[in-house]
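Shown next, in structure tokens, is the structure this report addresses.
Every number for a ligand or one of its atoms is a count from 1 in the order of the listing. Position 1 is the first residue of the sequence, and the numbers go up from there.
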Amino acid sequence: MTVLGGRRPTHVLANAPFRRLWMAMSVCSLGDWLNLLALTALAGNLTQGDYRVQSLAVGGVFIAKMLPAILLGPLAGVFADRFDRRLTMVAADVARFAVVLSIPFVDSYQWIIIATILVECVNLFWVPAKDATVPNLVPKEQLASANQLNLLVTYGTAPIAAMLFAALSVVGDVITGLGSFPPERGATDLALYVNACAYLVSAILIFTLRGIPKRDGAISTPSVLKQVIEGWRFVGGNRLVRGLIIGMLGAFAAGGAVVGVAKIYVEALGGGDAAYGVVFGAVFAGMALGMFFGPRLLRELSRRRLFGLAITVAGLVLVAIALVHNLVIVVMLTVVLGACAGIAWILGYTLIGLEVEDALRGRTFSFLQSTARVTLLLVVAVANPLAAIFGEHTLALGAWSYRFDGTNLVLVLGGVLAMTVGILALLHMDDRKDISLAADLIAALKGERFPAESPEHVPGLFVAFEGGEGSGKTTQARLVAIWLRDQGYDVVQTREPGSTKVGMRLRAILLDAAERGLSARAEALLYAADRAEHVEKVIRPALYRGSLVVTDRYVDSSLAYQGAGRSLDPKDVSKINAWATGGLVPHLTVLIDTPPEVGLTRLGGAADRIESEPLEFHERVRKEFRALAAAAPERYLVVDGTLPSEVITRQVQDRIREILPDPVPRESEDVTGTMPAIRD
Ligand code: TYD
């Protein structure tokens, strides 16, 4: 395939050396996850019998896995820069292979912990060497996609590893049944063999990879703790970032609580290693779903609100997981939990990308990465011992009994923490304070972006005049504006279409009789475009200044003319207009209701594009105007347009007087100083 105008950009995976490195990363990640699963399961199995010991044993593995990176991270980074990177990686892979392979043979809990620490120390060399190699193999402009792929395999292999582990457990059970393995060990041993082989494959892939420069450009890895402290100083002052980070860490902690106690919890529910693999996989499968669909979900809802909501729901689900004692339901809820965490994570990342300024962004991300690690460590470090201290309990009420163990407690606490954090995030960074969350959510569920912006929250007063052709609304709008000005109000009198620079050009297109070929949708969009400009440049600024805005035509004209008149779907017209106006609704709409046969005869001069439509068109328009008014009588005044002009004027004034912001002085009073206070 050729693309005009330049070389077709090749995908970063078309780059053979990078592809090879990426494959090595993928097998290693898969191996790492399998390793975590196998070792936690093995630790649980080796200490079976005593609930407390078992909880501590599983927690010990997690801690052994995370401690080296936190304590020795910076040291290893420095070392990695001194050695040949390719050889470093190969040597590290071979070392990991040997250590992991030894675990099934040594068969002791102590060795699991020592081996875990050894493997993690080796990882400290492998990872920076790999990270430093990527920019050597990939041109600058492809670095971002290389990093994405990197992230994809780091987390994407987790559910695969979980499935593999579940499958190996089944195979393991069969082999154990044949008597060639010690009982209870089939699954974990097999997983460890596969894990060891993954490192070996990586070693071979990297050994045969040419083109890794020996070393150039040192990469520095500051200590995690230093990053955390410095980062917080930097990002803590920004309200949005603070909200995002607290929320994301909360989501992370909730997920961590599940992963941390899953082995023991699943066992209490009567599940074995295969079930553990499934629960573990469910978290990540859910996360993948959430990350994929999250940005598409409830598109109409403010992202910040969805973020807080996702975390709060995650907390609720976690509490449910803790209390339901049914493995199948737990697995299903775990997927939901993962999805919520995934949504929060991806939205948080995107929000940081979108809303945090350039200079802060890099630090925010690295702060997040390091705090996420520390949080995970803390959660796991606290979770298992806490579960162990609490121990096993059974509530008995007559024949009914309910088991509530330390793991249940940890999960409930994790859930409550996530809910608290979610609510904090909701409060902290709400961007639509004037609209209740429930109203926003209901509107979003219906697919409407902007629930009406409640007019009371705008300082000024917004009045629209609507009506058919020749209804006399333009005259009335003018009279009202003069009347209001006479009383000392700051009045902006305006009209649609054509009250802005761009609007004038749109108006010319719209009303030009020669434009007969204009499609109905294009027409609707052009009116909406004019309105968007009108709202942003004229109406909203005036309202926020505290002025009174009187407009000749607004959204209802589009609903009547384009919706009913041109027979477009009224929902669509409503939606594009809600979008165009940001949901701004007038405090009052005055409908001058005139039968078209009367109105049309009042018109002088050549008919424009719309005026020259047939009578039925104008009938439909009138009917729609009346229907709109009938649907929300509190926001409308309908006046009979065939009445004498003065009578209409009086009716309009009477109604407007009721809603004027400040008490209207009687005609005889001095009007100076009665401008509405400028509230802002
Ligand atoms: P205009 O000359 O302003 O006349 P009027 O006094 O009737 O307002 O013309 C506006 C025309 O545009 C009018 O025929 C109605 C039509 N129109 C729509 O079809 N949709 C809209 O959203 C708006 C604002 C106007």
Nearest protein heavy atom with distance in Å, relative to [atom]:
atom                    : answer
atom 7 (O) of ligand 1  : R553 NH2, 2.7 Å
atom 12 (O) of ligand 1 : Y527 OH, 2.9 Å
atom 20 (N) of ligand 1 : Q562 OE1, 2.8 Å
atom 11 (C) of ligand 1 : L511 CD2, 3.7 Å

Are E466 and K473 within salt-bridge range, i.e. N to O under 4.0 Å? no
Hey, is D593 close enough to R622 for a salt bridge, meaning N to O under 4.0 Å? yes
Judging by distance only, is a nitrogen or oxygen of [X] under 3.5 angstrom from one on ligand 1?
X    : result
Y554 : no
S558 : yes
K473 : yes
R507 : yes
D552 : no

Is there a donor in the side chain of [X] and an acceptor in the side chain of [Y], or the other way round, less than 3.5 Å apart?
X    : Y    : result
Y561 : R553 : yes
Q476 : S645 : yes
T494 : S499 : yes

Neighbour count >12 (heavy atoms, 6.0 Å) for atom CZ, R521: no
Counting from 1, what ligand 1 atoms have a heavy atom of T474 closer than 4.0 Å? 6 (O)
Near R531 (heavy-atom distance under 4.0 Å), the atoms of ligand 1 are 21 (C), 22 (O), 24 (C)
Could you tell me whether ligand 1 has any atom less than 4.0 Å away from a heavy atom of E611? no
What about the rings of Y554 and F462, do their centers lie closer together than 6.0 Å? yes
V638 and I592: side-chain contact (heavy atoms from CB on, under 4.5 Å), yes or no, with the steps? CA-CA 6 Å; V638 184; I592 314 276; over 6 Å; no
Please tell me if atom 14 (O) of ligand 1 is touched by the protein, where touching means a protein heavy-atom distance below 4.0 Å. yes
